[in-house]
Amino acid sequence: MAHLFLVKDIAFQAGLSTATVDRVLNGRPGVRRQTEMRVKAAIAELEKQQAGAIGSGRMLAIDIVMETPQRFSDAVRAAFEAEMATFLPGIFRCRFHFAEVMKPAELVQLLDRIRLRGTHGIVLKAPDVAEVAAAVARADAAGIPVVTLVTDLPNSARIAYAGADNRAAGETAAYLIGEFLGAGGGKVLVTLSSGRFRGEEEREIGFRRVIRARYPNIRITEISEGHGTDAATGTLAAAALAADPAINAVYSIGGGNRAVLAAFDMAERPVRVFVAHDLDADNRALLAARRIGFVLHHDLKTDARSAFRAIIGRATALPRAVTPSLSSVEIVTPYNMPAAD
């Protein structure tokens, strides 16, 4: 397997031992196909990153860990890869760890493995639970900065949060839906991927506060634990619609929007207004087709830039009080949708 990289660098990128990588590179027996594919993917990732890595600045290798649906992890990967080139000659190398669903114990094990292997920083999207906060504390004690991404762990040892003001985003969604439904009111289906994520909780709190204060004719019903996947979210949405004929609007906090719309279609029920988050590939298509009305979007490249700067600040001993600013929330309609990168 031709390559130009040190075995230890390939092992770092692939998350494998150097002995395992050496067996793969030299074609020795006893290697699983999945392991071989991980090594090939690691080499391809290193080659892609090296293509933009001109200059002789210090290289910082960081790990990006996320529990999130693939459509969102794809968008995050693209944003971080695009932003890496802007930090030349101080070059970042990113290793991505994405899963649609992870048990807290699995996530903690991954964070501890990264800490023991070594890294210049961790960018983390994870549930706000005690065991994850403890793993963050262990990383910080080992001198590894942790930056939370799009959903925060405010009571942890993370050095910064990179993302939008989630409570303000929820308040914005309430305003859009409330003004659209008007005095006639209605009932909003609020969808969360999981109640364990602080960012989603903050959006819901903001949404409920404004609805309660300004739109008393609008009621709310909630579904959760679909993890943003179409299958689970669609099942939950179908059950909610069957149980409540008054639902006529959607505020999608956790995704799975195609499945939610399919549930409305199957029930032959109209959606008067649908507000979603993030300009991923699914939401772009749904917005263009007028299946959803508004997308609350914040620039993931800005979040990536904030995370990089926070890690650079720790690596270069800049004051820890210098934290990233929140990225702005933009209301996107079919008429002002920015071009895809």
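Quick caveat: nothing in here was measured; it's all calculated off a predicted structure. Side-chain atoms are counted along with the backbone in the values below, which use heavy atoms only and exclude waters and symmetry mates. Here, residue 1 is the first one in the sequence, and each next residue gets the next number.
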Output all residues satisfying salt bridge (Lys or Arg N to Asp or Glu O under 4.0 Å) with Arg290, sequence neighbours left out; order by chain, then residue number. none

Apply side chain to side chain contact (heavy atoms under 4.5 Å, CB included) to residues Thr191 and Ser252 and explain how you reach the verdict. CA-CA 5 Å; Thr191 72; Ser252 172; 3.4 Å; yes

Please list, chain by chain and in numerical order, all residues satisfying salt bridge (Lys or Arg N to Asp or Glu O under 4.0 Å) with Arg117, sequence neighbours excluded. none

Set out, in order, the CA-CA distance, both residues' side-chain angles and the distance that settles side chain to side chain contact (heavy atoms under 4.5 Å, CB included) for Arg198 and Asn155, then state yes or no. CA-CA 11 Å; Arg198 175 63 67 102; Asn155 299 315; 3.9 Å; yes

Apply salt bridge (charged side-chain N to carboxylate O under 4.0 Å, His left out) to Arg32 and Glu36, showing your working. CA-CA 6 Å; Arg32 293 184 300 170; Glu36 182 180 347; over 6 Å; no

Please lay out, stage by stage, how Phe80 and Phe92 fare under the test ring pair (Phe, Tyr, Trp, His ring centres under 6.0 Å). CA-CA 10 Å; Phe80 273 80; Phe92 282 95; 9.0 Å; no

Under a 4.5 Å side-chain heavy-atom rule over Ile, Leu, Val, Met, Phe, Trp and Tyr, are Leu110 and Val146 clustered together? yes

Donor-acceptor under 3.5 Å (Arg284 side chain, Pro338 main chain): yes

Among all residues two or more places apart in sequence or in another chain, which pass the side-chain contact (heavy atoms from CB on, under 4.5 Å) test with Ala289? Arg291

Under the side-chain contact (heavy atoms from CB on, under 4.5 Å) test, residues paired with Thr333 that sit two or more places apart: Phe294, Tyr335, Asn336

Would you mind reporting whether Phe98 and Pro69 have side-chain heavy atoms less than 4.5 Å apart? no

Run the side chain to side chain contact (heavy atoms under 4.5 Å, CB included) check on Asp74 and Asp280 step by step: do they pass? CA-CA 8 Å; Asp74 287 346; Asp280 56 34; over 6 Å; no

Hydrophobic clusters here meaning ILVMFWY residues chained together by side-chain heavy-atom distances under 4.5 Å, can you tell me if Met66 and Ile114 are in one? no

Can you name the side chain to side chain donor-acceptor pair (under 3.5 Å) partners of Asp282, sequence neighbours left out? Arg258

Is any side-chain heavy atom of Thr221 closer than 4.5 Å to one of Val190? no

Is the closest basic N to carboxylate O distance between Glu204 and Arg208 below 4.0 Å? yes

Any ring pair (Phe, Tyr, Trp, His ring centres under 6.0 Å) involving residues 189-209? Give me the pairs, sequence neighbours left out, ordered by first then second residue. Phe207-Tyr251

Ile64 with Met102, same ILVMFWY side-chain cluster at under 4.5 Å: no

Interatomic distance, OG@Ser73 vs NE2@His97, rounded to 0.5 Å, equals 13.0 Å

Side chains of residues 169-176: which donor-acceptor partners sit under 3.5 Å, not counting sequence neighbours?
| from | atom 1 | to | atom 2 | distance (Å) |
| --- | --- | --- | --- | --- |
| Glu171 | OE2 | Arg209 | NE | 3.2 |
| Glu171 | OE2 | Arg209 | NH2 | 3.3 |
| Thr172 | OG1 | Ala168 | O | 2.9 |

Looking at Glu67 and Arg196, is there a salt bridge between them, counting it only when a charged N and a carboxylate O are closer than 4.0 Å? yes

Nearest 0.5 angstrom please: Glu225 CD to Thr233 OG1, how far? 10.0 Å

ILVMFWY network linking Ile122 to Val147, side-chain heavy atoms under 4.5 angstrom: no

Show which residues join Leu261 in its hydrophobic cluster (side-chain heavy-atom contacts under 4.5 Å, direct or indirect), or state none. Leu189, Ile223, Leu236, Leu241, Ile247, Val250, Val260, Phe264, Val271, Phe274, Leu279, Leu286, Leu287, Ile292, Val295, Val332, Met337

Start with the C-alpha distance between Tyr161 and Asp303, add both sets of side-chain angles, then the distance that settles side chain to side chain donor-acceptor pair (under 3.5 Å), and finish with yes or no. CA-CA 9 Å; Tyr161 163 68; Asp303 297 342; over 6 Å; no

Does any part of the side chain of Lys125, heavy atoms only, come nearer than 4.5 Å to the side chain of Val65, both counted from C-beta? no

Using a 4.5 Å side-chain heavy-atom cut-off and chaining through intermediate ILVMFWY residues, the residues clustered with Met266 come out as none

Short N-O contact, Glu106 and Lys103, less than 4.0 angstrom: no

Where the side chain of His120 meets the backbone of Ala61, is there a donor-acceptor pair that is under 3.5 Å apart? yes

Enter the distance from Leu111:CG to Leu124:CG here, rounded to the nearest 0.5 Å. 5.5 Å

Over all atoms of both residues, closest heavy-atom pair of Ala126 and Val132: CB-CG1, 4.0 Å

Is there side-chain contact between Phe96 and Asp63, with at least one heavy-atom pair below 4.5 Å? no

Just jot down the side-chain contact (heavy atoms from CB on, under 4.5 Å) partners of Ala238, sequence neighbours excluded, or say none. Ala263

With the side chain counted from C-beta on, respond yes when Thr35 and Thr20 share a heavy-atom pair under 4.5 Å apart, and no when they do not. yes

Measuring only between side-chain heavy atoms, which start at C-beta, is Val275 closer than 4.5 Å to Val188? no

When you look at CZ of Arg214, are more than 12 heavy atoms from neighbouring residues, nucleotides or ligands closer to it than 6.0 Å? no

Crowded around Gln109 CD? As in, over 12 foreign heavy atoms under 6.0 Å? no

CE/Met84 to CZ/Arg93 distance, rounded to the nearest 0.5 angstrom? 10.5 Å

Run the salt-bridge test on Arg203 and Glu200 with the 4.0 Å N-O cut-off and return the result as yes or no. no

Taking all non-hydrogen atoms of both residues, which atom of Ile10 and which atom of Leu25 are closest, and how far apart? CD1-CD1, 4.1 Å

Using a strict cut-off of less than 4.0 Å between a Lys/Arg side-chain nitrogen and an Asp/Glu carboxylate oxygen, indicate whether Asp112 and Arg115 qualify as a salt bridge. yes

I'd like to check the salt bridge (Lys or Arg N to Asp or Glu O under 4.0 Å) partners of Asp152; sequence neighbours left out, ordered by chain and number. Arg158

If hydrophobic clusters are built from ILVMFWY residues whose side chains come within less than 4.5 Å, do Val136 and Ile311 share one? no

State, to 0.1 Å, how close Lys187 and Ala246 come at their nearest heavy-atom pair, and which atoms those are. CB-O, 3.6 Å

With no hydrogens and no angle check, do the side chains of Asn257 and Asn283 hold a donor and an acceptor under 3.5 Å apart? yes

Verify, without hydrogens or angle tests, whether Thr302 (side chain) and Ser327 (backbone) share a donor-acceptor contact under 3.5 angstrom. no

How long is the span from the CD atom in Glu100 to the OG1 atom in Thr229, to the nearest 0.5 Å? 6.5 Å

Can you list everything that forms a side-chain contact (heavy atoms from CB on, under 4.5 Å) with Ala79? Sequence neighbours excluded, please. Leu300, Lys301

Between Arg138 and Val108, is there a side-chain heavy-atom distance shorter than 4.5 Å? yes

Looking at side-chain heavy atoms only, is the closest gap between Leu296 and Ile331 below 4.5 Å? yes

Rounded at 0.5 Å granularity, tell me how far CD1 in Ile62 sits from CD1 in Ile312. 9.5 Å

Is there a donor-acceptor pair under 3.5 Å between the side chain of Asn26 and the backbone N or O of Arg28? no

